[in-house]
Amino acid sequence: MKVLYAVSEARPFAASGGLADVAGSLPQALRKRLIGCRVVMPLYESVPKELRDKMKFITHIIVPVAWRSQYCGIYEAKHGGVIYYLLDNQYYFKRDNYYAYYDDAERFAFFSRAVLEILPHIGFFPDVIHCNDWQTALTPVYQTCIYSQREEYQHIKTLFTIHNIQYQGVYGREILHDVLGLSDEHYSLLEYDGAINLMKGGIECANMVTTVSPTYAKEILDPWYSHGLDSILVQREWKLKGILNGIDTEYYNPETDTEIAANYSALSPENKKLCKAALQKEMGLPETEDTPLIGIVSRLVGHKGFDLVKAVLEEILEKENVQLAVLGSGEGQYEGFFKEMHEKYPEKLGVYIGFNPALAKRIYAGADIFLMPSKSEPCGLAQMVALRYGTVPIVRATGGLKDSIFDNKGGDGNGFVFENYNAEELKETIYRALQLYKDQKEWRALRTRAFESDCSWGKSANEYIKVYKQVIKQV
Ligand code: GLC
């Protein structure tokens, strides 16, 4: 079976979020299961030089973008035994950021079409093209409207994965001819609410649709979570499935990680306390071994649940013997809140505003508890990384958080879970965790269960293979 995984970012070449982690590890897991999986992504300006130097130039082609003829250089690189194609067009991708430009529709129409155009030139006609999020949602649309009529493309099926339904790629109708190069008869495939909605087009045209956890697959049928697309998904429920993400358990491995203060494992966790002491020092907190240390690594935005944190944190800091290490950036109101808490309680809360993957790992390793009270969370990877480092998550029961973290109420969970999006419930749950922490014997047993939770791709990679097989059989 041959799969081409099309994605707008993949670690280590380019990463701005969880999508890049998935694209940098699922293909490797598929390859280990003997699936011929290759990846295609844009060649951004920011791809690190050491990786660029190792890329091999294959050829260049011309890709149609409506009436335009655009250059597309094809480079090949290897990561974890998997072939990655990086597509070059400096006009579209030699920019400071990956997204949020006025011409994103054109940039990703180019990329989505290039995914199909390169096939004869890389000598790889896949059985399935696995597309991800709005940036590659046009690939299934082009396959349906244009390429499936060509002989070599006839057999190709498409799978579309929704990593986050909040970002859909919505544009005015005027882009249909001029940017997407499609005709009026195709409008209904892309039209939603009077506009062109790329994600909707992907959902319509792909042979199957997956999302990144079973719970999120149910949630997005509901207007509270769907950002407007519930009615489309309800009609297409027969082809929607949720598969929980895994994490790269080699990249995230406390036994071998060179970016943390000391190495440890589930079987010999003693050195975790050295990581804690080092983190306390780095964050300017007193190095007290017995104080429970809560870590936060997150984009500081509304749907991550920070309005709940804002409502209860000061009371907790005031009353409890507790410390927090916070890493993130985002909305001014939350950045400002954590800075203010740091100024008021410098002995209790340390904060780093920004993006810092190495510090993130030191927080996963050094904290006792990991806080992730999201309002919605398609899958979430941070809670799984926390488990891998033996750090006990507190989460809200939504999306992948609900599918990966099980409350310790019965003494057999791997974390703490609250149901409703409510500040009191969050507060109670934090208190419950702090209370249990005082019983170190119980706490260590809970920590062992966290450590031993399976967050690898194993099970989920097999589920993707089943979906690929199902898609290939579709007529
Ligand atoms: C998006 C989602 C996140 C998920 C990630 C990878 O970033 O918001 O929940 O873990 O994609 O699928």
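Nothing here was measured: the structure is a model prediction, and the numbers come from that model. Note that ligands are numbered from 1 as they come in the structure, with each ligand's atoms numbered from 1 the same way.
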Applying side-chain contact (heavy atoms from CB on, under 4.5 Å), can you list everything that pairs with Asn462, at least two apart in sequence or on another chain?
Arg33, Ile465
Atom-level proximity to ligand 1, residues with heavy atom under 4.0 Å:
Gly18, Leu19, Val22, His163, Asn164, Val212, Asn245, Glu377, Pro378, Cys379, Gly380, Leu381
NZ on Lys409 to CZ on Arg432, rounded to 0.5 Å:
4.5 Å
With sequence neighbours excluded, residues passing side-chain contact (heavy atoms from CB on, under 4.5 Å) with Glu425
Phe418, Glu419, Asn420, Asn422
Strictly under 6.0 Å, is that where the ring centroids of Tyr153 and Phe125 end up?
yes
Can you run down the ring-ring contact (aromatic ring centres under 6.0 Å, His included) pairs that involve residues 193-235, sequence neighbours left out, and say none if there aren't any?
none
So, do Leu119 and Ile156 sit near enough that their side-chain heavy atoms are less than 4.5 Å apart?
yes
